[in-house]
There are 2 protein chains.
Amino acid sequence: MISKFIKTHKQSIVYGLAMAVMLFVLKWLELKFIIIGHSFEIYAGLIAVIFTGLGIWLALKLAQPKEKTVIVEKPIYVSNENFVVNYEALQQTNMSRRELEVLELMAEGLSNLEIAGRLFVSLNTVKTHSARLFEKLDVKRRTQAVDKAKRMGILK
Amino acid sequence: MISKFIKTHKQSIVYGLAMAVMLFVLKWLELKFIIIGHSFEIYAGLIAVIFTGLGIWLALKLAQPKEKTVIVEKPIYVSNENFVVNYEALQQTNMSRRELEVLELMAEGLSNLEIAGRLFVSLNTVKTHSARLFEKLDVKRRTQAVDKAKRMGILK
DNA sequence: TTCAAAATCACCCTAAAGTATGAAGCCTGT
DNA sequence: ACAGGCTTCATACTTTAGGGTGATTTTGAA
């Protein structure tokens, strides 16, 4: 309970304590000032220095640091001997039903015309699907598409 | 010349000016203090607040922005590494070295021209190899060849 | 050494694949 | 209702793949 409170309000507590210390120092300096005499300059100077420090400390502690993002690409080697479809990867490709069907038939070595026959659509349609599919897989040829899809675990 | 100097020493100049202003305020406050009377508290408090602000401002201005490294995971899809070539099947195909090489590059999705580049031979040579290879695998297209070879265990 | 694969390349021609662009109908979610 | 993605198809064009044929050079094994 208490420790949790301390944890969540750590910064506020530390800040409060710091202020208390500062006020104490202030009082102490005031005392000194009265005892020693009329050294306004020294008094003010000390306060200035101390509170400048406090300000710096506060800013460093409490202010959100400007973040400079450095992007480091970390390769992850995904091997897929288990013929379980990697649905995650499949989702990320944004492939549509039809495009996947075309891709699957491509992987079986069918020509576009044969695929058109299987799917009961025209050759042009198959071409459109394949073109889209190549874009989504970021490849140039059907052989590349099949290779990549298999590596990704989209195809068995 | 001068503008360059200002640019390169901008922060120092600003800092100096800020200090000057602070000292001026200090002096002004001192004057006020003398005129108004013995309000040590107000004087000290004002200085404390002002210099705390100065400290915060300084820290924010001069502090180096923290670098935050964001690791972006970039998946590299790798297929089965523990793959054993089915040499028996490979023998039965009667494939030559070169034909196998061409087949392997085909499986990677390379075009005939790209394969020619890799093997330091002409496009025509690759074509003849591929034609022979298709015969031996009893297929009509490169995609079929790759598919069949993989099923046979010739390719990974 | 000899001889048959293997490897290399060339031409020509057709088939298939791929690119670019446009367009219409159909769902889906806002 | 409207935007946007999906599916479908078309036309036109370029590039790549594949088939057929023939030829030369290497090479490996009998």
Side-chain angles (χ1 to χ4, degrees), chain A residues 85-152 154-155, chain B residues 85-152 154-155:
Chain A
V85 177
N86 187 349
Y87 287 105
E88 225 178 282
L90 181 54
Q91 301 284 49
Q92 288 178 335
T93 58
N94 249 333
M95 290 239 283
S96 70
R97 259 172 312 284
R98 250 357 196 183
E99 285 158 5
L100 223 195
E101 287 181 280
V102 170
L103 177 60
E104 282 165 354
L105 296 177
M106 269 183 184
E108 289 178 26
L110 302 200
S111 69
N112 285 338
L113 197 62
E114 286 167 342
I115 293 171
R118 288 272 191 102
L119 300 182
F120 302 105
V121 295
S122 79
L123 172 61
N124 288 311
T125 304
V126 175
K127 283 187 177 185
T128 310
H129 286 320
S130 63
R132 291 251 159 80
L133 164 182
F134 293 160
E135 261 186 57
K136 290 181 180 177
L137 283 177
D138 191 31
V139 297
K140 297 234 168 274
R141 284 174 284 282
R142 52 176 52 237
T143 43
Q144 277 183 358
V146 171
D147 183 50
K148 188 160 188 178
K150 287 191 177 183
R151 287 182 199 280
M152 288 171 73
I154 293 176
L155 293 179
Chain B
V85 178
N86 186 349
Y87 287 103
E88 226 179 282
L90 181 54
Q91 301 287 49
Q92 286 176 336
T93 59
N94 236 345
M95 290 239 282
S96 72
R97 243 178 323 283
R98 252 354 198 185
E99 285 159 5
L100 222 195
E101 287 181 282
V102 170
L103 177 60
E104 281 166 353
L105 295 177
M106 270 183 183
E108 288 179 25
L110 302 199
S111 69
N112 285 338
L113 197 62
E114 287 168 341
I115 293 170
R118 288 271 191 99
L119 300 181
F120 302 105
V121 295
S122 79
L123 173 61
N124 288 311
T125 304
V126 175
K127 282 187 178 183
T128 46
H129 284 320
S130 65
R132 291 248 160 83
L133 165 180
F134 293 158
E135 260 185 59
K136 290 181 180 177
L137 282 176
D138 190 30
V139 295
K140 296 238 165 272
R141 283 173 286 281
R142 54 175 54 252
T143 43
Q144 276 183 359
V146 171
D147 183 50
K148 189 160 187 177
K150 287 191 177 183
R151 288 183 198 284
M152 289 170 71
I154 293 174
L155 291 178

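In what follows, every heavy atom counts, from backbone to side chain, and hydrogens, waters and symmetry copies are set aside. Below, read A as the first sequence line, B as the second, and so on, with proteins coming before strands; counting in each chain starts at 1.
- To the nearest angstrom, P of D:dG5 lies 17 Å from CD of A:Q91.
- A:T125 has a side-chain polar atom (N or O) that falls below the 4.0 Å cut-off from OP1 or OP2 of D:dC9.
- The distance from atom CG of A:L113 to atom P of C:dA15 is 12 Å, rounded to the nearest whole Å.
- Under a 3.5 Å cut-off, the side chain of B:N112 and the backbone N or O of B:K127 do not form any donor-acceptor pair.
- In this structure, A:T143 OG1 and B:E108 CD are separated by 10.5 Å, a value rounded to the nearest 0.5 Å.
- Comparing B:F120 and B:M95 by the nucleotide of DNA chain C that holds the closest heavy atom to each, the one mapping nearer the 5' end is B:M95.
- Side-chain nitrogen and oxygen atoms of B:R142 include at least one within less than 4.0 Å of the OP1 or OP2 phosphate oxygen of D:dA17.
- Counting only distance, with no hydrogens or angles, the side chain of A:Q144 and the backbone of A:K140 share a donor-acceptor pair below 3.5 Å.
- Side-chain atoms of A:L90 and A:T93, non-hydrogen and from C-beta on, do get closer than 4.5 Å to each other.
- Under the 4.5 Å side-chain criterion, counting only non-hydrogen atoms from C-beta, B:R98 is in contact with B:V121.
- Between B:L133 atom CG and D:dG19 atom C1' there is a gap of 15 Å when expressed in whole angstrom units.
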Heavy-atom protein contacts under 4.0 Å, nucleotides 19-30 of chain C, coded B base, S sugar-phosphate only, - none: S-----------
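- Between A:L119 atom CG and D:dC6 atom P there is a gap of 17 Å when expressed in whole angstrom units.
- Counting only heavy atoms from C-beta outward, the side chains of B:V126 and B:L105 never approach each other to under 4.5 Å.
- Taking the screw axis at each terminus of the helix from C:dT1-D:dA30 to C:dT30-D:dA1 from five consecutive base pairs, the angle between the two is 60° to within rounding of 10 degrees.
- Under 4.0 angstrom from either OP1 or OP2 of C:dA16 there lies no side-chain N or O belonging to A:N112.
- Atom CE in B:M106 sits roughly 14 Å away from atom P in C:dA17 (whole-Å rounding).
- At a threshold of 4.5 Å between non-hydrogen side-chain atoms, the residues B:L119 and B:T125 do not count as touching.
- Per the geometry, CG belonging to B:N94 stands 10 Å off C1' belonging to C:dA5, to the nearest Å.
- Rounded to an integer number of Å, the gap from CD of B:E114 to P of C:dG18 is 13 Å.
- Between A:F134 and A:R142 there is a side-chain heavy-atom pair separated by less than 4.5 Å.
- Side-chain atoms of A:K148 never come within 3.5 Å of backbone atoms of A:V139 as a donor-acceptor pair (strictly under, hydrogens ignored).
- Here B:S96 does not reach the OP1 or OP2 of C:dA6: none of its side-chain N or O atoms lies under 4.0 Å away.
- The distance between atom CZ of B:R98 and atom C1' of C:dA5, rounded to the nearest whole Å, is 16 Å.
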